[in-house]
Amino acid sequence: MLNINHLQGPEFKETEWKQEGLFQPKPNYADGAYYSLSCEPTLGENQIFHSMVKRQVMKTRDAIKLIGDGKAQKLKKDKVIESWIKTRLTRNMDSLPGELDTSYVALYHVMHGLKISVDAAMNLPWTNFTMATYCLSPPGSFYRGQREDPLNFTTTPLYSSTIASPVWRQGMKVFPRRIYHRYMVLIVHLYEIAADTSHNRTSLQGQAWTAVQVFNDGYVIGGSYLLPLYSGDPPEVVLNSLQSDTCVDVLSAFRRKKLIKYLEGSSVYVRLSDARRGDELPAPKRDEWIAFDSRRQSDRLRLVTKPQRSSCALDNSIVRIIPERQTTAEDLTRNPENELFLNGRSSFLSRGDSFAQQQEISSNGKF
């Protein structure tokens, strides 16, 4: 009978493990030892990877300014920073970590630009065909009587959608080589177009508009947005102010002055993305996006995914959805905490259409 003694790690120094055959180093990725065809990166992921490789190393002191919960002014000395980090890592060990906003993974790159889609509107107070346009400001050429940056129009309407809640399926449009501007906004403008058959022409009946911030600290604030609409067309004084201050502050100030007002109960759905990451916001699908509580016939709007606020302090009337897992209507029944009150009042009320008529849009868990 053979008496075989197996070699064990504790019998040798760690530096001797490889020599004794106790340790086999992992192959280098470049040696081609790993099968990776099943997770081939997309074009956008390749582009983001190259930009991340080139990014500068961030020191802990600089990182504290981003994650210091507004305490960066007090966290200047190294010992104070170390104590704060230790507290954050140990005090909340049993709590779930905060949501990660992936908008801040890669800085915006002008060569790639932006991707934008205006997908739908809801509860519009008019009875005729809706045409929607959208543009970036600056330059906002259309509103300044210039032609250097023409308007973009929604196309490919879903003909089964209602007049009050139209849907468009043109998909994401690329805005390449857009120069970074700290206060750039996306302006969406809706028009009610009525056909005058007697004179063989069309007439403009009503208008509504909205705006949302594009950048924050050099990053695209990507996501799917539920934006409240304002009555009329965007005033020139508002457009000028949007070029020198954040969208949230400007719109809030003009609402207080009563120079702009909400188009009660109406909203528009927009997707905004870094052009390299447009695939992360796929086109809306049916029967998954939004549901009214028909049992109580209340004005409460339930969202299919958990809404999250960006660190750039979005307006309370704006809902930005960062996708988690895909949620279903059954989840909403089990989780009433997903209920969200918008605008602090009865916004987004159904205008009397049936649930089936209202729900011509869906969003794959993005809205």
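Contact record, Gln213 with Cys247: OE1-N, 2.6 Å, taken as the closest heavy-atom pair. Between Glu148 and Ser141, the closest heavy-atom pair is CG-OG, 2.9 Å. A pairwise comparison of heavy atoms in Ile48 and Ser51 identifies O-OG, 2.6 Å as the closest pair. When all heavy atoms of Phe215 and Tyr108 are compared, the closest pair comes out as CE2-CG, 3.5 Å. Considering every non-hydrogen atom in both Ala194 and Gln205, the closest pair reads CB-CG, 3.5 Å. The shortest non-hydrogen separation linking Val250 to Val238 is CG1-O, 4.2 Å.
In terms of modelled atom types and a separation under 3.5 Å, the side chain of Ser161 and the main chain of Leu158 share a donor-acceptor contact. One N or O on the side chain of Tyr180 and one on the backbone of Gly218 form a donor-acceptor pair closer than 3.5 Å. Here the side chain of Gln243 pairs no donor or acceptor atom with the backbone of Asn240 at under 3.5 angstrom.
At a threshold of 4.5 Å between non-hydrogen side-chain atoms, the residues Ser267 and Asn123 do not count as touching. Between Val185 and Leu136, the closest side-chain pair of non-hydrogen atoms is not below 4.5 Å. Side-chain contact between Met131 and Leu190: absent, with no pair of heavy atoms (C-beta onward) separated by less than 4.5 Å. Considering only heavy atoms from C-beta on, Asp233 stays 4.5 Å or farther from Tyr143 through its side chain. Between Leu204 and Tyr191, the closest side-chain pair of non-hydrogen atoms falls below 4.5 Å.
Salt bridge present: Asp149 and Arg178 bring a charged side-chain N and a carboxylate O closer than 4.0 Å. No salt bridge links Lys115 with Asp274; every basic N to acidic carboxylate O contact stays at or beyond 4.0 Å. Look at Glu82 and Lys79 and you find no salt bridge, because none of the NZ, NE, NH1 or NH2 atoms lies under 4.0 Å from a carboxylate O.
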For this session: Please test Tyr230 against Tyr262 for ring pair (Phe, Tyr, Trp, His ring centres under 6.0 Å), starting from the C-alpha separation and ending with a verdict.
Result: CA-CA 4 Å; Tyr230 295 92; Tyr262 287 120; 5.1 Å; yes
For this session: Run the numbers on Ser252 and Asp249 for side chain to side chain donor-acceptor pair (under 3.5 Å), then give the verdict.
Result: CA-CA 5 Å; Ser252 297; Asp249 293 338; 5.6 Å; no
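With rounding to the nearest 0.5 angstrom, the CG atom of Leu229 is 10.0 Å from the CH2 atom of Trp209.
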